[in-house]
Number of protein chains: 2
Amino acid sequence: MASLTEENYLKALFNLEIEKGKITLSDLANQLQVSLPTANSMVKSLKKQDWVHQEKYKPLALTLSGRDLAASIIRKHRLTEMFLVKMMNFGWEEVHEVAEQIEHVHSPKFFQRMDELLGHPTVDPHGSPIPDQNGKLEVAQYSPLTQTTPGQRVKLQGLANSSSEFLAYLNSKELFLGITVEVLSKELFDQSMVVCYPNHPKEVLSEKVAERLLVQSAPEVS
Amino acid sequence: MASLTEENYLKALFNLEIEKGKITLSDLANQLQVSLPTANSMVKSLKKQDWVHQEKYKPLALTLSGRDLAASIIRKHRLTEMFLVKMMNFGWEEVHEVAEQIEHVHSPKFFQRMDELLGHPTVDPHGSPIPDQNGKLEVAQYSPLTQTTPGQRVKLQGLANSSSEFLAYLNSKELFLGITVEVLSKELFDQSMVVCYPNHPKEVLSEKVAERLLVQSAPEVS
DNA sequence: CAAATTTGTTAGAATACTCTAACTTTGTAA
DNA sequence: TTACAAAGTTAGAGTATTCTAACAAATTTG
Ligand SMILES: [Mn+2]
Ligand SMILES: [Mn+2]
Ligand SMILES: [Mn+2]
Ligand SMILES: [Mn+2]
């Protein structure tokens, strides 16, 4: 059985594989905020348990069972975040830290009940997909708001970054998942965008913000 | 900050103090299923952090801050058990293992929300009192059913033992907390008791069972 | 009360996870 | 294509938690 530490390594490997395609030891060490030798020795132990493939000086890769284990932990993390928001009145900016702990709880029934009480959600409060019981992950193809052009109407579906600072900013601007945003204009100089959405007829979003807002290109028309 | 291991030691010390009055190292080691030297060295480290008093070859005692910490963990454990039963449809025989893990989660808000959603419960699903936010523990004075005499009507308020085997037995006999039990007779030979309670006009309880059922001597009269 | 038993302590070692320092391999770029 | 930089590895060590073996103190008991 994987220790809490090993579970965190597997989760990091899973996320790096999705974000960057191939996994380097440096990225892993950086992600987990440990030294290179620490990551190196832990990877050796993950290899011994057949959760990662590793050859000297080569990039890393999760094995099938490693990926399954990682997906199950990420499933628990995201179900927990959703449960905290929907059932326990947490804000979406408050849930990550708690989920980081609860994801390590061993109790299939506990997470099954969360899943049932939530009606089998497919995304977490930040729009990230929840792996299903078999470890399958629906990778929705959203694009950053920066790639839209004036006149377009799009639906806010996800976030490229879920830091609590960014989430607090979105709260203050009443920018929530699911809302429809219309692009009014784009500033050539700094790529900032003027948009409108419910209760906000004219709001300026910096490039920094816009590139972190993931939208659905073709929103259903009213 | 206390590690998960230290938290479990503090909890054990707290419970031993209540159950036995004074705390011996042997009891502690036995409770936690570790060797005597292991308990000894951990107690030294708890002493260094000023959570226990310890003198060579003398019984142990929690310090004020140690007791507070222990009470807060037991509060989290029992709130969690109540939450699992009332909000997540767990049986009372299934919650202890999960609570054993969740009690170590660091998030005041998480347990505050449990408390609120449950309406500030004062006991856990097995009748054990939940310490309040200040670490105060209401020690209700219940007595075992063995100490009642035929003709008496009492209310089942707690359990002297909450092993899942015992709880499963109680489930099968529909013996739940809060029901009123009338003692019909007591067998002199083996101390077994014949009782009656809702849906069970005549049920025999062994001494083993009866001594684990904690009842309120003076039930409110109808 | 002296022997036997129980309880507590010390010493020494193992495993898990982490670090820094030193070294090697790989990839880049002049 | 050699030199420099980046990435990866090895060696050696520290903390936390646990163990067994050996020993010492305290308690119980005949
Ligand atoms: Mn998260
Ligand atoms: Mn985690
Ligand atoms: Mn319990
Ligand atoms: Mn515990």
Side-chain angles (χ1 to χ4, degrees), chain A residues 1-13 15-17 19-62 66 69-70 73 100-101 103-106, chain B residues 1-13 15-17 19-62 66 69-70 73 100-101 103-106:
Chain A
M1 210 182 57
S3 69
L4 184 150
T5 307
E6 290 170 330
E7 291 190 346
N8 283 336
Y9 275 81
L10 289 170
K11 208 164 48 115
L13 288 163
N15 285 327
L16 285 171
E17 185 162 276
E19 281 168 35
K20 310 212 173 186
K22 81 171 189 192
I23 314 170
T24 67
L25 192 64
S26 294
D27 283 342
L28 181 63
N30 187 60
Q31 182 88 80
L32 291 164
Q33 294 286 287
V34 296
S35 69
L36 237 1
T38 296
N40 188 256
S41 79
M42 183 57 64
V43 163
K44 278 182 183 170
S45 133
L46 295 178
K47 183 188 181 179
K48 200 177 300 169
Q49 288 163 96
D50 204 46
W51 287 324
V52 298
H53 295 297
Q54 186 215 25
E55 286 175 82
K56 265 197 178 182
Y57 299 106
K58 295 276 172 61
L60 309 171
L62 283 166
L69 230 184
I73 298 155
E100 203 61 47
Q101 301 174 65
E103 67 188 2
H104 303 290
V105 167
H106 293 296
Chain B
M1 208 180 56
S3 68
L4 183 149
T5 307
E6 290 169 332
E7 291 190 347
N8 284 336
Y9 274 80
L10 290 170
K11 207 163 49 115
L13 288 163
N15 286 328
L16 286 172
E17 186 160 276
E19 282 168 35
K20 310 214 175 187
K22 81 171 191 194
I23 313 170
T24 68
L25 193 62
S26 295
D27 284 342
L28 181 62
N30 188 59
Q31 181 88 78
L32 291 164
Q33 293 286 287
V34 296
S35 69
L36 238 359
T38 296
N40 190 256
S41 79
M42 183 56 65
V43 163
K44 278 182 181 170
S45 133
L46 295 178
K47 184 188 180 178
K48 201 176 298 170
Q49 287 163 98
D50 205 46
W51 287 324
V52 298
H53 296 297
Q54 185 214 27
E55 285 174 83
K56 265 198 179 182
Y57 299 106
K58 295 277 173 59
L60 310 171
L62 283 166
L69 230 183
I73 298 154
E100 202 62 46
Q101 300 174 63
E103 68 189 1
H104 304 289
V105 167
H106 293 296

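These values consider heavy atoms only, across backbone and side chains, with no hydrogens, waters or symmetry-generated copies. Proteins get letters first, then strands, A, B, ... in listed order; numbering begins at 1 in each. Predicted model, so just to flag it, every value in this text is computed and none were measured.
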Classify the nucleic acid contact of A/Lys58 as base, sugar-phosphate or nothing, counting any heavy atom under 4.0 Å across all strands shown.
-> nothing
A/Ser41 near the nucleic acid: base, sugar-phosphate alone, or nothing, with a heavy-atom cut-off under 4.0 Å?
->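 Base: the residue A/Ser41, judged by heavy atoms under 4.0 Å, touches a nucleobase.
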Okay, side chain of A/Lys22, backbone of A/Pro59: is any donor-acceptor separation there less than 3.5 Å?
-> no
Spatial distance of atom CD (A/Glu19) from atom CD (A/Gln31) [nearest 0.5 Å] | 6.0 Å
Quick one: CG on A/Leu13 to CG on A/Leu69, what's the gap to the nearest 0.5 Å?
-> 11.5 Å
Closer than 4.0 Å, any side-chain N/O of A/Ser35 to the OP1 or OP2 of C/dT20?
-> no
Short side-chain N/O contact to D/dC19 OP1/OP2 from B/Thr38, under 4.0 Å =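 Yes, such a contact exists.
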Nucleotide nearest [X] when distance is taken to its side chain, options [options]:
X: B/Tyr57; options: D/dA24, D/dT17, C/dT18; result: D/dA24
X: A/Leu25; options: D/dG8, D/dT18, D/dA25; result: D/dG8
X: B/Asn40; options: C/dT9, C/dT18, D/dT9; result: C/dT9
X: A/Lys56; options: D/dT9, D/dC19, C/dT9; result: D/dT9

Atom pair distance, as rounded to whole Å: CD in B/Gln54 and C1' in C/dG8 = 9 Å
Any side-chain heavy-atom pair of A/Glu17 and A/Leu60 under 4.5 Å | no
DNA chain C: A/Leu36 or B/Pro37, which has the more 5' nearest nucleotide?
->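 Final value for this comparison: B/Pro37.
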